[in-house]
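Quick note: numbers below take in every heavy atom, side chains included, and nothing from hydrogens, waters or symmetry partners.
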Amino acid sequence: MTKIDLEGQRFTRLLVLGEAGRSGRKVAWLCQCDCGKTTRVIGTLLRQGVTRSCGCLKGQHSATHRMTRTPLYRTWRNMLNRVTNPNVKAYPYYGGRGITVCERWLRFENFYADMGPTYREDLSLDRIDTNGNYEPGNCRWVTMDEQARNKRSNVRLTFHGHTLIMSEWAERIGIPYSRLAYRVSKGWPHERALTENIDPERVAAALIELEQKTDEK
């Protein structure tokens, strides 16, 4: 793929000074913000209008809605950081693999209008399609358990003709998720991972329940 040279170009408050290495497979650029600070930004985020300043615009927006100290605002900021900031630990799993935030949600006020009415502090922001973007229609509020079930990293295990994600098997047969994950990571066959040193009556009950659900469909 041909690299697009952004040196000398301006993106809102950012002037591109030059190339600044790579973040994964993407080219990063050193930018000078109008406020005087410099920042390192992925090129695609500049071209898509996701990153428009060093972060100083955030302070300007906060004065209008006065919600910067609320949990909902932190959720919004964390969402943006996951897809725009290569220094964030979770970036490789979001922005690093092409996940973006829709243009409308680059402003907190719009995110609040769309997601605020159904927000509760005990819920987490979740993408219905884990390969899709943060945008209306693909986001919802869920419990932590529900979000764990929807993670892209969930491994599916097949046992006695039933295929479930690993977290659901762990819940049904009464084994700590971390222990089951360890067994699978070590290459244990699914049947061994789901039965060794586990109460056989609990396993049998889980299989019976799954059979009944299959018959009901």
message = The test is side-chain contact (heavy atoms from CB on, under 4.5 Å); show your working for Leu15 and Cys31 and say whether it passes.
response = CA-CA 5 Å; Leu15 175 65; Cys31 301; over 6 Å; no
Could you tell me the separation between the [atom1] atom of [X] and the [atom2] atom of [Y], rounded to the nearest 0.5 Å?
X	Y	atom1	atom2	result
Arg156	Met166	CZ	CE	11.5 Å
Leu164	Arg172	CG	CZ	6.0 Å
Leu14	Thr12	CG	OG1	7.0 Å
Leu72	Leu123	CG	CG	11.5 Å

If only atom types and distance count, is the side chain of [X] paired as donor or acceptor with the main-chain N or O of [Y] below 3.5 Å?
X	Y	answer
Arg74	Trp76	no
Asn138	Tyr134	no
Glu109	Trp105	no
Arg127	Asn133	no
Lys26	Gly95	yes
Thr158	Gly161	no

key: Test side-chain contact (heavy atoms from CB on, under 4.5 Å) applied to Cys54 and Cys35, step by step   = CA-CA 8 Å; Cys54 67; Cys35 72; 3.4 Å; yes
Pair Arg52-Asp34, salt bridge (charged side-chain N to carboxylate O under 4.0 Å, His left out): steps then yes or no = CA-CA 10 Å; Arg52 300 177 295 161; Asp34 287 348; over 6 Å; no
query = Does the cation-pi check pass for Arg192 over Trp188, that is, NZ or CZ under 6.0 Å from the six-membered ring centre and within 45° of its axis?
reply = yes
note = residues 113-125 vs salt bridge (Lys or Arg N to Asp or Glu O under 4.0 Å), sequence neighbours excluded, gives Arg104-Asp114, Arg120-Asp122
query = When you look at Phe111 and Met79, which way does the side-chain contact (heavy atoms from CB on, under 4.5 Å) test go after all the steps?
reply = CA-CA 11 Å; Phe111 176 77; Met79 172 188 70; 4.2 Å; yes
inquiry  = Determine whether Leu157 and Thr163 satisfy the following criterion, side-chain contact (heavy atoms from CB on, under 4.5 Å), listing intermediate values before the conclusion.
reply    = CA-CA 5 Å; Leu157 308 181; Thr163 301; over 6 Å; no
note = Residue pairs meeting ring pair (Phe, Tyr, Trp, His ring centres under 6.0 Å), one or both in residues 113-133, sequence neighbours left out, come to Tyr119-Trp141
task = Please step through salt bridge (charged side-chain N to carboxylate O under 4.0 Å, His left out) for the pair Glu196 and Arg183, ending with a clear verdict.
result = CA-CA 10 Å; Glu196 187 165 306; Arg183 292 178 173 188; 5.4 Å; no
ask   = Quick one: do the Glu191 and His160 side chains pair a donor with an acceptor below 3.5 Å?
value = no
Report, one line per pair, each donor and acceptor closer than 3.5 Å where one atom sits in a side chain of residues 36-45; sequence neighbours left out.
| residue | atom | partner | partner atom | Å |
| --- | --- | --- | --- | --- |
| Arg40 | NE | Ala20 | O | 2.9 |
| Arg40 | NH2 | Arg22 | O | 3.0 |

